[in-house]
Every structure is written in structure tokens, then in C-alpha cells.
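Whatever order the structure lists them in is the order used to number ligands and atoms, beginning at 1.
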Amino acid sequence: MTNDQIMTTETMTTATTRDTQVFDLIAKEQHRQESGIELIASENFVSPAVLEAAGSVLTNKYAEGLPGKRYYGGCEVVDQVEQIAIDRAKELFGASWANVQPHSGANANMAVFLACLKPGDTILGFDLSHGGHLTHGSSVNISGKYFRPTFYGVERETGVIDYDKVEETAMREGPKMMICGASAYSRDWDYARLRAIADQIGALLLADISHPAGLIAKGLLNDPLDHVHIATTTTHKTLRGTRGGLIMLRNDFENPFGIKTPKGELRMMSSLLDSGVFPGTQGGPLEHIIAAKAVAFGEALTDDFAAYASRVQANAQAMARAFTDRGYSIISGGTDNHLMLIDLRSKGNHLTGKLAENTLIKADITINKNMVPFDDKSPMVTSGMRVGTAAMTTRGLVESDMERIVVYIDEVLTNHDNDAKILAIREEINEWMKAFPLYQV
Ligand code: DSN
């Protein structure tokens, strides 16, 4: 290729000669999202504005550092974008400090660990097999490999956390950091009690609010920031933003590890956390994604979003009632938030999470298999399924629709070996979903 044959962005666009191999698949995925029922509790559908920001030219910009303190030139515009994201995150959660750069919830947690822990330190998290998260000490994750993980869980009889037992475990294990928050726990958290426990043993308390963040932001669940030292979240679940992470403090504080500034003053925790993100665990921030976070936080600040979050919660309660009415056992007996974990053994031991996931997808209903507490099956099979209402509420479905979804799920699972029946249900669902358009193409 000679110099005058080199493509400019203009010729790249016209010649974008569409990379059909990829763009056809994107179109196919859009069709999949639009024609089915999405119940994965960690997923949602962003607005066209969030999508536009995420696909913007900001992806071209390197901006290591923080607004006003970058290692590259030309950051005047992205500085403003990132500052808007920070300011909106603070307003949304009543935080005094926020870092919007983590690429994901896992990265946000890793940055906190780097800022607060040393290899070998003990951490105390909610057991993954009881509904906790991989990054809270699982042996296959860096959090379980670099630190000494210890765990609390739920009670077998109630499916609920017994905070007296958390206290016993904390006193026995002496963690440097306690972590609350979960991927599959449908009950609210007693952050005040956890802070009292952390204070007794001199531990830091981290709340990972990735799942219920949108409900917390709108005051529908207990406010962790009133009590915990540090909070992390993803931005894409009930918060309905682009995929990403966020770290927040309501009250900044001098770090308890004696780390000083060059002037000999104790560094504030916000400064250690900023360093934990960059240069500690990440390089250049994704400014296009930060712009998308800013747009999503702006949406979440509206009254419309408050109505949405209430509807998510009401829909989850309606769905839980419908499952219970049909004989399905929900861990803890119900839900306070947007999700529930169903023990499928209540419908016969043949019905595993794997079978449910693989069968429901044939009807264009997407769920994920999930371990239930004290599960007798492996993580690749499981006895449970997790469902959530954030995504379908975005599409406009209401409480009566949740009952209809549960009827479909029950029919598919009851007829898991009847492909003709499942196909007929899929056609009904595809037709039904046409009434809830997602993106106008
Ligand atoms: N994958 C997320 C979830 O499904 O809860 C957690 O990382």
C-alpha cells in the first residue's frame, strides 16, 4: 500500500465496508436481546444516550491520572467529562469522594484491596456458595490467592445471615477487612451491625453494592454509606449504566496504616484509593465509558429513575409471590431487592440449575444457574437458578407481567423434554416482546 492509499477516517467509514463478520453478529445479538425475556439479575438495558456515549470518540483519548492532573496533553475535554461523572456519582449516593475509573466491579475491589491490604492479610467475606461474590475471597480469584480468606454465610433453616454468627467469626478470625455485599442474596443488609462488629476488631468495612446500587441510590434499601468505610459498585446492574465500576467514600479519613505524604502528613484514604486504581491496578481510564457512566448517573438522578427503581422492587416481589404460589422454594422466602435465588429441588431432584438454564434458553428466557446455600451439586450443575427484574422493568413490564413470565417458566420446566411445547412458548414470547421495543434501529 502506498501513502496515498492509506485510509483516512472518511474512507474508513465509507469503506467501513462494514466488517460484516462482526456487525452481523452485533445485529444478531440485538435481535436476541429484543425478542427474549432477560432475567439475568446482573444485566440491564442502557438508554440510547448511554450507548452513544460509550461508542463515542472519547475512546481515542489516553488520560492517565485524574482531572487536572494527567500524564498526557489534550485532556481538557475529558477532564470535564470525568468531573461530571464524579460529581453526579457523589450527588447520587451522597458521597464526598468518588473514583469513576474502575473498568469493572472486580477492578474496583482490587483497587481497594491494594490500597488497604498487604499479601497474607485476612479478609472476611460472604461465602460465594451462599450468594457472595468471586472477588470477596474465592480461592480461584486473586482475592483468595493473595489474602487469607475467611467467610460467613446464611443459616440453613432461614437462608438469612445471622449477624451474631458473623460477629463470632470476625472475633475468631480477626480480619483486617470485612466485606459485605453479594451476587445472589435477596435480603437487605444490616450495615450498622456490621460496622459495630468491624469497630470491635479494628477492621475496615467494605460494602460492594454492585447489585442493589440503583435501589440504594433511590432510598429503597438501607444506606451503606452511612456506616461502611468504603463502598464499591458496578454501574450496569440496577444502576442501568454502561458496564463499569465505581469506588466511593461518604467520609474521607486518615489512613490507619501510617502511610505518609512527602510532607510527613498521613495520607487520606481517598488518596490511597485513587492510587489503588491508577497506577496500582489500571492504566489509562476508558473515557468513553466514563462519559457513559456520567450520562447514566444523570439519568439515575431523575424522578423517572426513582419510579423505575420502585417498579423493579415491586416486580421482584410479584415474581417471588408467583414462584411461591407454584411451589418453588425461594432462598430466605422472598426478596427485598431486585433478585431471588430459587432452590429448584423444591420441584424434584431431577431439576438442576443446568437443566433449567439450558431448557429455558430454548424458549428465549435467559436466566443463570446458581449454587444455593449448602448445595449438593457442583457449580457447573447447581440446584438453583437466579432471576432478577431490572432488565424487564426497563422494557416496561409490570407486576402482572411477572406472573405471566413465571407461568411460562413453569410450563417450560415442567415440559423440559417436550421441544414442540417449548417452541410454541418461544413463539408466544417473541410475539409478546414486540410490544416492548428496546432500541429503534
Ligand atoms: N457477574 C456478576 C453477577 O452475575 O452477579 C457478578 O460479577
### Query
Any chance the side chains of Asn141 and Thr135 put a donor and an acceptor closer than 3.5 Å?
no
### Task
Look at atom 6 (C) of ligand 1 and say which protein heavy atom is nearest, naming residue and atom and giving the distance to 0.1 Å.
His133 NE2, 3.1 Å
### Task
Might you point out which heavy atoms bring Gly94 and Arg250 nearest each other, and give the distance in Å?
O-NE, 2.7 Å
### Task
Using a cut-off of 6.0 Å, state whether more than 12 heavy atoms not belonging to Lys90 lie near its atom NZ.
yes
### Task
Go through ligand 1 atom by atom and flag the ones less than 4.0 Å from a non-hydrogen atom of Arg386.
3 (C), 4 (O), 5 (O)
### Task
Side-chain contact test, heavy atoms from C-beta onward, threshold under 4.5 Å: evaluate it for Asp121 versus Arg148 and give yes or no.
no
### Polar atom proximity, Ser183 to ligand 1 (N or O, under 3.5 Å)
yes
### Message
Give me the atom names and distance for the closest heavy-atom approach of Leu339 to Thr335.
### Response
O-OG1, 2.7 Å
### Task
Give the single entry among Ala184, Ser42, Ala106 that approaches atom 3 (C) of ligand 1 most closely by any heavy atom.
Ser42
### Query
What residue and heavy atom of the protein are closest to atom 5 (O) of ligand 1, and at what distance?
His211 NE2, 2.7 Å
